[in-house]
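Some notes on the structure that comes next.
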Amino acid sequence: MSRVLCRLDDIPDGEGRGFEPDDGGDGILVVRRGDGAYGYVNSCPHAASPLDWVENQFMSLDKSHILCATHGAEFRVEDGYCVLGPCRGKSLASVAVSVRDGEVILD
Ligand code: FES
């Protein structure tokens with residue numbers, strides 16, 4: 001069943017936002033790039049910690065990559081692939097999200 005997470009405009013372009021699950025499992029994060037959104041489980045493939053040390057701080061300084069604040073791994077926004085850090089070569093688990101009528105939908 002799909003669920004509305006927020007309005008796309010609630011996420012500043014180039015930033016991410018975290019969401020807690022309904023079922024008590026891992027949270028998810030959604031990163032906005034223009035009119036698009038990318039969703040991932042908020043759990044680092046290195047040590048399974050949440051990526052944001054500070055709530056909703058998911059991006060590297062230059063906002064080019066998703067950053068794990070625990071040990072500094074960086075992931076591509078487009079596919080969650082780790083390009084730098086201790087879990088290089090692994091990937092974040094993707095979560096299907098889409099943007100419809102200006103709302104971010106968890107599919
Ligand atoms: S837990 Fe993410 S880099 Fe170590």
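Fair warning: this is a prediction, and the values are worked out from it, not measured in the lab. For ligands, and for the atoms within them, numbers begin at 1 and follow the listed sequence.
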Requested in this report: Could you check if a side-chain atom of Cys87 sits within less than 4.5 angstrom of a side-chain atom of Cys44, using non-hydrogen atoms only?
Outcome: yes
**Report entry** Same apolar cluster: Val30 and Val77, side chain cutoff 4.5 Å
**Finding:** no
Report summary line: Looking only at heavy atoms, the pair that brings Ser64 and Arg33 closest together is O-NH2, 3.2 Å
Report summary line: Here the side-chain hydrogen bond (donor to acceptor under 3.5 Å, both in side chains) pairs for residues 85-96, sequence neighbours left out, are none
Requested in this report: Using 2.8 Å as the cut-off, note every protein N, O or S atom close to atom 2 (Fe) of ligand 1.
Outcome: Cys44 SG, Cys68 SG
Query raised in the report: What closest approach, in Å, do Leu92 and Pro45 show between heavy atoms, and which atom pair accounts for it?
Result: CD2-CD, 3.7 Å
Requested in this report: May I have the step-by-step check of side-chain contact (heavy atoms from CB on, under 4.5 Å) for Leu67 and Met59, ending in yes or no?
Outcome: CA-CA 5 Å; Leu67 173 73; Met59 305 307 291; 6.0 Å; no
